[in-house]
Protein chains: 2
Amino acid sequence: MTSVEEPARPGERIRDAARTRAEILDVATQEFARAGYDGARVDEIAARTRTTKRMIYYYFGGKEQLFTAVLERAYGVIRRAEQQLDVDHLDPVAAIRRLAELTFDHHEQHPDFIRLVSIENIHEAHHIAGSEKLGKIGSPALDVIRRILASGQESGLFTADVDAVDLHAMISSFCFFRVSNRHTFGALFGRDLLDPAQRAHYRTMLGDMVIAYLTAERAAD
Amino acid sequence: MTSVEEPARPGERIRDAARTRAEILDVATQEFARAGYDGARVDEIAARTRTTKRMIYYYFGGKEQLFTAVLERAYGVIRRAEQQLDVDHLDPVAAIRRLAELTFDHHEQHPDFIRLVSIENIHEAHHIAGSEKLGKIGSPALDVIRRILASGQESGLFTADVDAVDLHAMISSFCFFRVSNRHTFGALFGRDLLDPAQRAHYRTMLGDMVIAYLTAERAAD
DNA sequence: TCAGCAATGTACGAACCAGTACGTTAGCTA
DNA sequence: TAGCTAACGTACTGGTTCGTACATTGCTGA
């Protein structure tokens with residue numbers, strides 16, 4: 001998440017539309033992720049920027065549109081991370097593991113993003129549905145998965161006729177759950193899924209799971 | 001004043017503490033699941049029961065305690081379902097698949113429960129932490145997993161030295177994500193993970209994934 | 001250099017909402 | 001059957017919160 005940090009010259013009124021807008025987005029991301037859509041306070045967001053509530057309405061129109069803008073930027077971040085993935089030089093097994101690890105790392109490093117997505121699901125993806133941007137962004141990861149799967153299936157390394165979207169769901173579910181359900185899981189089972197000491201263990205476990213699924217023999221679907 | 005359209009019985013003031021309490025819990029479950037903790041309205045819950053807001057405070061003390069009571073009951077339901085699981089007569093592979101399918105089915109049949117857990121995670125499991133009941137309930141599913149794993153590892157069917165809590169996390173993540181992230185996943189990838197036509201497919205996929213992981217050969221951890 | 005607009009600040013209002021003060025009644029029991 | 005109390009209803013309040021009317025200032029182009 002890009003952060004805007006410029007020396008604030010106190011007393012002076014500085015005009016910088018881009019900076020003001022970006023700063024509002026930064027703080028709003030934190031506040032929405034912290035408290036959920038209804039729990040978030042517009043006044044609180046305003047108080048934590050160098051500008052006022054008036055500017056939130058000036059730039060975004062309202063709380064609802066602000067949340068949509070926050071979502072759009074958060075999805076943009078992960079999409080860009082996925083675009084930088086380069087696995088064409090790897091064999092299918094290594095490539096899939098690499099992709100899974102990128103997802104694992106990104107989710108772990110962006111808990112706010114996970115919370116925003118959870119919140120958006122509570123609201124039944126209403127904001128995504130109403131967003132021009134989010135409606136038509138594809139997933140670079142999905143294209144990568146498709147290529148790897150085709151290659152792996154062609155060479156006979158992967159036994160299953162697995163669908164790319166399904167595999168993406170499988171990888172995402174593990175990575176997402178680990179972050180999204182950290183607190184209830186920890187409270188009920190006494191294990192912190194984000195314990196740094198366990199990080200490598202779960203990262204390996206994810207890769208093992210996916211590879212085992214892709215290479216296991218089983219009855220046709 | 002007599003009203004023609006007024007039903008004979010519901011107009012009367014009936015006293016039934018247990019029924020009133022249960023009705024409040026029912027409606028509160030729906031309302032919290034629908035709108036989240038902060039989005040839920042105590043007035044709305046009251047309006048949809050046959051009693052008044054006063055009774056919510058009379059029986060539960062406040063919104064916060066009401067939500068905790070809702071969570072306690074929701075967790076009680078899944079705990080009881082898990083207790084009825086009987087897989088001792090099955091071989092380890094079939095037993096694990098059966099357990100995974102029970103989780104799959106329960107999550108699918110209780111989307112409100114999934115939403116409540118998502119909401120509780122947004123609030124960092126604060127209510128679970130403050131609940132006597134929820135703090136110390138174990139998970140019957142976990143005991144079952146432990147027994148099956150021990151049996152499977154002893155007989156050599158399962159190659160890996162897999163931990164029960166980890167396996168529970170793996171199974172839960174897939175089942176939970178399918179319901180919790182249905183809306184954003186559907187909006188972004190155009191696929192409804194709860195499409196009835198795909199139900200058997202995903203149910204099989206889950207079992208295949210878990211069995212593949214448990215039986216695959218791999219380097220020691 | 002100054003007009004005009006983009007950008008910003010202040011103060012306020014109307015609606016909402018959790019929680020409560022106070023009054024009432026059903027049904028049990030002595 | 002009187003009286004007691006758990007169970008219930010009504011009406012209100014105090015604080016909160018989204019949103020806006022109105023005022024102001026910095027920047028830029030003609």
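Computation of the quantities below employed the complete heavy-atom set of this structure, encompassing side-chain atoms and omitting hydrogens, waters and symmetry-equivalent molecules. Each chain gets a letter, A, B and so on, in the order the sequences are listed, and its residues count up from 1.
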### Summary
To the nearest angstrom, the CZ-C1' distance between A:Arg19 and C:dA6 comes to 15 Å
### Query
With a 4.0 Å cut-off on heavy atoms, is A:Ala40 in touch with a base, just the backbone sugar-phosphate, or nothing at all?
sugar-phosphate
### Query
Are any of B:Thr52's side-chain N or O atoms less than 4.0 Å away from OP1 or OP2 of D:dT10?
no
### Message
Can you tell me which nucleotide in C:dA7, D:dA6, D:dC8 comes closest to the side chain of B:Thr20?
### Response
D:dC8
### Summary
note: B:Lys53, atom NZ; D:dG9, atom P; distance rounded to Å ~ 14 Å
### Query
In whole angstrom, what separates B:Asp16's CG from C:dA26's P?
15 Å
### B:Lys63 NZ to D:dT16 C1', straight-line distance once rounded to whole Å
13 Å
### Query
Going by distance alone, is a donor N or O of one side chain under 3.5 Å from an acceptor N or O of the other, for A:Gln198 and A:Arg191?
no
### Task
Let me know the distance between CD of A:Glu23 and P of C:dT8, rounded to the nearest Å.
10 Å
## Note on the structure
Given the options B:Lys63, B:Glu64, B:Glu120, B:Tyr37 meets side chain to side chain donor-acceptor pair (under 3.5 Å) only with B:Glu64
### Message
Quick check for you: among D:dG9, C:dA7, D:dT17, whose closest atom lies nearest to any side-chain atom of A:Asp43?
### Response
D:dT17
### Options D:dG9, C:dA18, C:dG9, nucleotide nearest the side-chain atoms of B:Met55
D:dG9
### Query
So, is A:Tyr58 near the phosphate of D:dT20, with a side-chain N or O under 4.0 Å from OP1 or OP2?
no
## Note on the structure
A:Tyr59 atom OH is separated from D:dG19 atom C1', nearest whole Å, by 18 Å
#### Entry: No-hydrogen, no-angle side-chain donor-acceptor test under 3.5 Å, B:Tyr202 and A:Asp166
yes
### Task
Just compare D:dC18, C:dT20, C:dT10 and give me whichever is closest to any side-chain atom of A:Arg41.
D:dC18
### Query
Does any N or O in the side chain of B:Arg115 come within less than 3.5 Å of the main-chain N or O of B:Arg34, such that one atom is a donor and the other an acceptor?
yes
### Query
Using a distance-only test with no angle check, is there a side-chain donor-acceptor pair under 3.5 angstrom linking A:Ser131 and A:Glu72?
yes
### Query
Nearest to the side chain of B:Tyr57 - D:dC18, C:dT20, C:dA7?
C:dT20
### Summary
When rounded to whole Å, the CD1 to P distance for the pair A:Ile56 and D:dG19 reads 10 Å
### Query
Over how many whole Å does the gap from A:Arg54 atom CZ to D:dA21 atom P extend?
9 Å
